2 protein chains.
Amino acid sequence: MVKITDVARHAGVSPSTVSYVLSGKRPISEETRRRVQASIRTLGYRPHAGARPAGGRANVLALVMPLWAGIHAPTALRFAASVVTAARSYGHDVLVLTQDEGEEGLRRVADTVPVDGLIVMDVALRDPRLPVLRDLDRPAVLIGFPADRAGLTCVDLDFRAAGERCVDHLAELGHRAVALVGPPPEVYVRRTACAQYVLQGFTAAADRHGLTSAVHPCEATAAAARATAERLLREHPAPTGIVVHNEAVLEPLTEAFARLGPRVPEELSVTAICPADLAESARVPLTSVALPAAETGLRAVELLMRALAGEPVPATTLLAPVLTVRGSTARRTGGGGA
Amino acid sequence: MVKITDVARHAGVSPSTVSYVLSGKRPISEETRRRVQASIRTLGYRPHAGARPAGGRANVLALVMPLWAGIHAPTALRFAASVVTAARSYGHDVLVLTQDEGEEGLRRVADTVPVDGLIVMDVALRDPRLPVLRDLDRPAVLIGFPADRAGLTCVDLDFRAAGERCVDHLAELGHRAVALVGPPPEVYVRRTACAQYVLQGFTAAADRHGLTSAVHPCEATAAAARATAERLLREHPAPTGIVVHNEAVLEPLTEAFARLGPRVPEELSVTAICPADLAESARVPLTSVALPAAETGLRAVELLMRALAGEPVPATTLLAPVLTVRGSTARRTGGGGA
DNA sequence: GTGAAAGCGCTAACAC
DNA sequence: GTGTTAGCGCTTTCAC
């Protein structure tokens, strides 16, 4: 382990000069800077983050992510990957915390581990961790919008608009009865923010267009998906337009429709809110509002970095939904509807 | 931020005493310990990991995990979750590094970030990171077995035995022609350890039983799974026993079989090497060798902790495969085979 | 524009 | 059984 004093000796300067060359916090003559940087390179020196005095940068940020079984792993991992990649591009590493460490976990990390800031995924409308986050002496960025966002920095897809956008699209195609296939009931019970907003958007748009609407929470299993498909088709009036906000059942649900009868999109139009590649690679490519995991993660990191740099950051960053029409939606043709 | 000196003052002792109460590295009188611990609690003190002298414990370990798109996210996340949980139970946090930071990334973290040890997932037979890992001044545990494991600590399911176990099971049921549906070709090209071992075990057991055998690498897409299913059924002799070592195609592959004709298990027996819950929740519950992600992660952390404590650790920990018979395998009934 | 020196919070000899 | 003290590697006053 080569240390700052080694570099200083090698370059014939004092340790503090090396430190300043690295931080740029005071002007250094061209000549000296070059010598120091040469020494740094030849010795392979790297400042050891742990040795920084408390309060200084550790170049580590904490990511609180849901790791429980119910989560849609591919989506969660996309978020995590984008956060890690973005963080690295700013020279930071990422410490992961599980959701279920809760408030205590946040406090522990902030107090105990050298971490510059936090990114929190999967927030609930009234998340018990909010007070702690507000109290922390470190900046934090939430992926998701709690009900009371005073004093917090949040970023996420505009899920309300996403829900509306799907219904608008279906209404434009002439559908008069729509249904939302949402996440499992427990997600609604926990009042996970994005689920609530999609629901609001869906309902609001359906009412605005005067559509018949129904909501079906659905467990993340193939069996539940099949049961939901059957229930949907038995309804009166049977919906001809579906919005799916549950990545796990996308596959089995469309599979079940294929088996049960209604052709997609001729007799049944399906839209989804999910990562774009999932929608593309479905048996019938799905018209969808993209869940921009990569962009969201990147934005969260950018916001955190700006906060760390002392720059002012917008309290809320809502990403506008983008609906891409693929093969799963079409103008309504007879049957169904009110 | 309350510090150790605050606690010391409050308890009327010296900082070192507080430190020793915390670490237990020297005997403390019952009386003093109690006073100190009371002060710790009332002041809400937590030792700040970052301030520990270099070489000391940071209570952080690094987990190098594959985050590229091709990975089976649910499986990867299971590993990660078990490592994080186990680490927490030892009072450690987990820093994630992506696979593609490669050798340089390992070096960077070891030099730069206060990390006590490393856990490396998804190792290749001749992994370029091995020399770095051996050189590091920190203990590391690999999940997976490279070809040359001198000086390394490894833990993993015994994939070779797992491959054998599946074939043995099929042979016992009277199947005479078997096929392995493996991970995508690029996984074999990278010579990912577990894929190689399964292949070896599969081939060895097939030869030992005198079975006809074939190997089909398969992309992790539903389309590729369907194509593979068709190809399998067209072979002469058509295999009547299948080993699937590719979680992503489990679903679409069995789906395709169901559509193409051969009934499972009456005409075609299917075994898988995958997490147990995946096998259980398949349309036809699959006979499988469990991929014990939870146990593997736990073991890796245990090994690392023992190494950190200076205890000797076994260089290799092979987890014995456990085959659970479910509904997807049965005694061979006429047709197919040699 | 640069150096010397005093911390940062914690640990571990070294004393008694 | 406990206190004193000298570090750890780095940053940041303060002084020139």
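Below, read A as the first sequence line, B as the second, and so on, with proteins coming before strands; counting in each chain starts at 1. If you're wondering where the values come from, they're calculated on a predicted model, not measured in any experiment. Atoms considered below: every heavy atom in the structure, side chains included; atoms not considered: hydrogens, waters and symmetry mates.
- Considering only the side chain of B:Ser14, D:dG3 comes nearest among D:dC10, C:dG3, D:dG3.
- Across the protein-nucleic acid pair, A:Glu30 atom CD and C:dG1 atom C1' stand 13 Å apart, rounded to whole Å.
- Checked by atom type, the side-chain pair A:Thr32/A:Ser29 shows a donor-acceptor distance below 3.5 Å.
- Among the nucleotides D:dT2, C:dG9, C:dG1, the one closest to any side-chain atom of B:His48 is C:dG9.
- In this model, the phosphate group of C:dT2 is approached by a side-chain N or O of A:Thr32 to a distance below 4.0 Å at OP1 or OP2.
- Atom CZ of A:Arg9 and atom P of C:dG3 are 14 Å apart (whole Å).
- As rounded to whole Å, 7 Å separates atom C1' of C:dG1 from atom CD1 of A:Ile28.
- Spacing between atom NZ of B:Lys25 and atom P of D:dG1 amounts to 18 Å, rounded to whole angstrom units.
- For the pair A:Leu130/A:Leu152, a side-chain contact is recorded, criterion being any heavy-atom separation below 4.5 Å from C-beta on.
- Among the protein residues, A:Thr5 comes within range of no part of the nucleic acid, since none of its heavy atoms lies under 4.0 Å from any strand.
- Out of C:dT2, D:dC10, D:dT2, the shortest distance to the side chain of B:Arg26 is found at D:dT2.
- One finds a salt bridge joining A:Arg9 and A:Asp6 here, because a Lys/Arg side-chain nitrogen approaches an Asp/Glu carboxylate oxygen to under 4.0 Å.
- Atom-to-atom, CZ of B:Arg34 to P of D:dT2 comes out at 12 Å; the value is rounded to the nearest Å.
- Salt bridge status for A:Asp93 with B:Arg108: present, with a side-chain N to carboxylate O gap under 4.0 Å.
- If you check every strand for non-hydrogen atoms under 4.0 Å, A:Ser19 touches a base.
- Residues passing the salt bridge (charged side-chain N to carboxylate O under 4.0 Å, His left out) test with B:Arg46, sequence neighbours excluded: A:Glu104, A:Asp111.
- The closest donor-acceptor contact from the side chain of A:Asp127 to the backbone of A:Ala124 lies under 3.5 Å.
- Nearest to the side chain of A:Tyr20, among D:dT2, C:dT11, D:dT12, sits D:dT12.
- When each of A:Arg35, A:Arg33, A:Arg34 is tested with A:Glu31 by the rule salt bridge (Lys or Arg N to Asp or Glu O under 4.0 Å), just one qualifies, namely A:Arg35.
- Between the CZ atom of A:Arg46 and the P atom of D:dC10 there is a distance of 13 Å, given to the nearest Å.
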Given A:Thr17 and A:Ser14, is the side-chain hydrogen bond (donor to acceptor under 3.5 Å, both in side chains) satisfied, shown in steps?
CA-CA 5 Å; A:Thr17 302; A:Ser14 80; 3.3 Å; yes
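- Comparing atom distances between the B:Pro47 side chain and each of D:dT12, C:dG1, C:dC10 picks out C:dC10 as nearest.
- When heavy atoms are screened at a 4.0 angstrom cut-off, A:Ser23 is found touching no nucleic acid atom at all.
- Across D:dT12, C:dT2, D:dT4, the shortest atom-to-atom separation from the side chain of A:Thr17 is found for C:dT2.
- As rounded to whole Å, 11 Å separates atom C1' of D:dT11 from atom CG of A:Leu22.
- Closest to the A:Lys3 side chain, of the nucleotides D:dT2, C:dT2, D:dC10, is D:dC10.
- Distances were taken from every side-chain heavy atom of A:Val13 (C-beta onward) to each of C:dG9, D:dT11, C:dG3; the shortest belongs to C:dG3.
- Rounded to 10 degrees, the angle between the two end axes of the helix from C:dG1-D:dC16 to C:dC16-D:dG1 is 40°, with five pairs used at each end.
- A:Arg35 has its CZ atom 15 Å from the P atom of C:dG1, to the nearest Å.
- Using a 4.0 Å heavy-atom criterion, one finds that A:Ser29 contacts the sugar-phosphate atoms exclusively.
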